[in-house]
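Notes follow the structure.
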Amino acid sequence: MLLAEVVAAADAVAATTSRTAKRDLIAALLRAAEPHEVGTVARLLAGDPEQGRIGIGWATLARVEVAPAPASSLAVADLDSALDEVAALVGAGSATARRERLGRLMAGATAAEQFFIRRLLIGELRQGALEAAVADAVAAAFDVPQADVRRALMLSGDLGRTAEVARTRGRAGLAGVSLTVGRPLQPMLASPGEDIGAAVAAVAGPGDGRAPVAVEWKLDGARVQIHRDGDEVGVFTRNLNDVTGRLPGVVATALELPVGRFVVDGEVLGVDPDARPELFQDTMRRLGRRSGAGAGASPVGDSAAGSAPARDASRAGDSAASRAGHSAASRVGDAGPAPGGPAAGAVGLRPWLFDVLHIAGDDLLDRPLAERRAALAELAPAHRVPGIVTADAAEADAFLRGALQAGHEGVVVKDLASPYAAGRRGAAWRKVKPVHLLDLVVLAVEEGSGRRRGWLSNLHLGARDSDGGFVMVGKTFKGLTDELLAWQSAELLARETGRERHVVHVRPELVVEIALDGVQRSTRYPGGVALRFARVRRYRSDKTAAEADLIDTVRSLLPRSG
DNA sequence: GTAATTATTTC
DNA sequence: TTCGAAG
DNA sequence: CTTCGAAGAAATAATTAC
């Protein structure tokens, strides 16, 4: 298949806002593809090429300027192999070599193709259709039920393979896709809850006689899905990245459990010697460390295993997913203190489990949560996330307060009758965490892009200094309706004091109420703190900048670090 | 040696 | 994370 | 009412460029 056909389809998809039209356009393209190309084409249209991120970003692309070819000649396979080649370039001089190879690819591409390749590589296809849309198109193209395609996609985590299966083996083939120990599936997600009472009511139903719900601590770490098959262990993140080699302690824990074959779901989190959870930043620091990759005990084993970042976690499907058998030896060395890092006494990242998806040959996905929790209690009682079962909102509230007291993020309220809805952000799980509010001053604003082009969108936020000045503590563009965007654009434009690039500086007069989850240490901002998940609640027209919150108030939200 | 670039995770 | 569009 | 996509920040590590 010619790349031009794919690009034409992508352009047509971008040109319509109708989801069914998008689906039909993609379906027509998939039908036209050769059977062996279906997977590649599907992934291209979903903006997720098999090679993943290959070390090309906007900066690299900006330096590759090649006159477009007058006529299209590239095949899909040409693009695919070019991506393979670029991905294979590592080590000294690789960036130059990448640019060179990319330039050759671009020289053979028409203007439209070049544009598509750029968007693809940057990871922003912006056609209003990604994985889910393509999945629906797969169903339409090959005349198989949408639900079957989605299920296979969630269980395999692999759109290309799912598309190929649908094309070559149809409905029966899709039905044959099942949870496979060692291969990650899409994790179930929680939807946001207003507060604990609302969450309990939403999950259990309102009023008397409501069903009991599970209420569990919500830990501020990294989601992990742990697979064990005999002495093979694989650990995967929320995005199905393989982090087995970075979590020797988790591997060791998995190997200690009394059952040889299982899939469990949970969170990894560092804990201080005094049992307080580490800051998210510190947990991520540990997870980010790639020393100790693989099973070997050689602490300076170098990055021999897939030297390029992000590539050891490639989703090549059959990659070296799990080969971390004898990891106990590497555990002690790896968990050692990072230079300049926190707490030498910390024991490294530990798994906290809250679900079981498979155990000893039985898939539990379709079983009620109550049953899965019971299975977990038997499999790994010492590693469970603390939780209760209750029908009483007051009891749930008390448990939430306890979680916060212990330094955790909040709780997740779960329907005990619900199955494990892989890949869904359903109403069966509701997360509840406290919201902080701050009144901050708008110091500057950035021009919007995409559908916010023409508006002033991203706000630079400042807290009040003790001597009358303002200290920037973060930015946000969230929580703005189109109406509010229009209003703030006009108001801020009227206060413009100067511009640099896309940033419009304004007189610090407007006070905006910001909701946030908390604050974290920052090296970027002069106040030493940055807002976490800041979003606009409303403008405080009733307040002047002199009444905004102080930087010390912002700092007081910092959790005490380990 | 330091700065820039890219990629990764969380939300 | 939040919002808006689509169905 | 639900799903989906798009908008972006922050911190970190690895690697390359200068």
Side-chain angles (χ1 to χ4, degrees), chain A residues 16-23 47 52-60 62-63 90-98 121-133 135-136 150 189 191-192 220-224 237-239 241 243 246 267-268 279-291 303 306-313 338 341 409 423-427 431 433 435 446 448-453 455 457-461 473-485 515-525 529-537:
Chain A
T16 176
T17 58
S18 159
R19 289 211 318 224
T20 52
K22 288 178 195 288
R23 180 200 64 200
R53 309 292 317 186
I54 55 173
I56 304 268
W58 64 269
T60 306
R63 295 178 61 179
V90 288
S94 62
T96 310
R98 276 193 216 118
L121 291 177
I122 241 168
E124 297 190 351
L125 226 41
R126 302 207 186 197
Q127 58 186 20
L130 290 175
E131 186 177 81
D136 288 353
R150 288 195 186 192
L189 306 172
S191 53
D220 194 11
R223 185 82 176 264
V224 284
T237 66
R238 177 183 174 348
N239 300 317
N241 292 308
V243 288
R246 302 190 216 170
E267 195 93 356
V268 287
L279 297 184
F280 175 72
Q281 289 169 301
D282 296 324
T283 291
M284 289 312 292
R285 169 182 299 157
R286 291 173 185 284
L287 189 61
R289 295 190 62 202
R290 32 187 81 247
S291 60
S303 38
S307 40
R311 244 164 275 161
D312 67 329
E409 201 182 6
R424 311 272 301 281
R425 191 186 291 280
K431 52 186 164 186
K433 37 185 189 170
V435 174
E446 295 175 13
S449 59
R451 75 177 289 279
R452 289 189 175 185
R453 177 172 296 279
W455 277 326
S457 171
N458 199 9
L459 300 169
H460 293 201
L461 304 166
V473 290
K475 309 184 195 179
T476 187
F477 56 93
K478 295 176 185 159
L480 297 163
T481 61
D482 286 5
E483 188 187 6
L484 198 52
L485 271 168
L516 59 149
D517 276 23
V519 303
Q520 54 195 351
R521 298 187 305 256
S522 173
T523 54
R524 169 173 308 200
Y525 293 117
V529 289
L531 309 179
R532 199 168 173 205
F533 315 129
R535 60 265 188 191
V536 172
R537 268 293 166 83

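Numbered from 1 within each chain, the chains take letters A, B, ... in sequence-line order.
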Output yes when at least one side-chain N/O atom of [X] is less than 4.0 Å from OP1 or OP2 of [N], else no.
X: A:Thr20; N: C:dG7; value: yes
X: A:Arg150; N: D:dC4; value: yes
X: A:Asn458; N: D:dA9; value: yes
X: A:Lys22; N: D:dG5; value: no
X: A:Lys478; N: C:dT1; value: no
X: A:Tyr525; N: D:dA9; value: no
X: A:Arg535; N: C:dT1; value: no

How long is the line joining [atom1] of [X] and [atom2] of [N], in whole Å?
X: A:Asp220; N: D:dA10; atom1: CG; atom2: P; answer: 17 Å
X: A:Glu267; N: B:dT10; atom1: CD; atom2: P; answer: 8 Å
X: A:Asp517; N: B:dC11; atom1: CG; atom2: C1'; answer: 7 Å
X: A:Arg23; N: C:dA6; atom1: CZ; atom2: C1'; answer: 13 Å
X: A:Asp136; N: C:dA6; atom1: CG; atom2: P; answer: 17 Å
X: A:Lys475; N: D:dA11; atom1: NZ; atom2: P; answer: 12 Å
X: A:Leu461; N: C:dT1; atom1: CG; atom2: P; answer: 19 Å
X: A:Phe533; N: D:dA10; atom1: CZ; atom2: P; answer: 11 Å

[X] side-chain proximity, nearest of [options]:
X: A:Glu409; options: B:dC11, D:dA6, B:dT10; result: B:dC11
X: A:Pro192; options: D:dA9, C:dT2, B:dT10; result: C:dT2
X: A:Ala132; options: D:dC4, B:dC11, B:dT10; result: D:dC4
X: A:Gln520; options: D:dA9, B:dT10, D:dA11; result: D:dA11
X: A:Ala530; options: D:dA11, D:dG5, B:dT10; result: D:dA11

Check: A:Arg532 near the nucleic acid: base, sugar-phosphate alone, or nothing, with a heavy-atom cut-off under 4.0 Å?
Finding: nothing
Check: Which part of the nucleic acid does A:Ala133 contact within heavy-atom distance under 4.0 Å: base, sugar-phosphate only, or nothing?
Finding: sugar-phosphate
Check: Given A:Asp517, which of A:Arg532, A:Lys478, A:Lys431, A:Arg535 fulfils the salt bridge (charged side-chain N to carboxylate O under 4.0 Å, His left out) condition?
Finding: A:Arg535
Notebook entry, point to check: Is the side chain of A:Glu446 donor-acceptor paired with the backbone N or O of A:Asn458 at a distance under 3.5 Å, no angle test?
Noted result: no
Note to self: Check whether A:Thr476 reaches the backbone of A:Ala534 with its side chain - one donor and one acceptor, N or O, closer than 3.5 Å.
What the structure shows: yes
Notebook entry, point to check: Do A:Lys433 and A:Asp220 sit within salt-bridge range, that is, some charged N less than 4.0 Å from a carboxylate O?
Noted result: no
Check: In Å and rounded to the nearest 0.5 Å, what is the OH to CD distance from A:Tyr525 to A:Gln520?
Finding: 10.0 Å
Checklist line | CG on A:Leu484 to CH2 on A:Trp455, rounded to 0.5 Å | finding: 10.5 Å
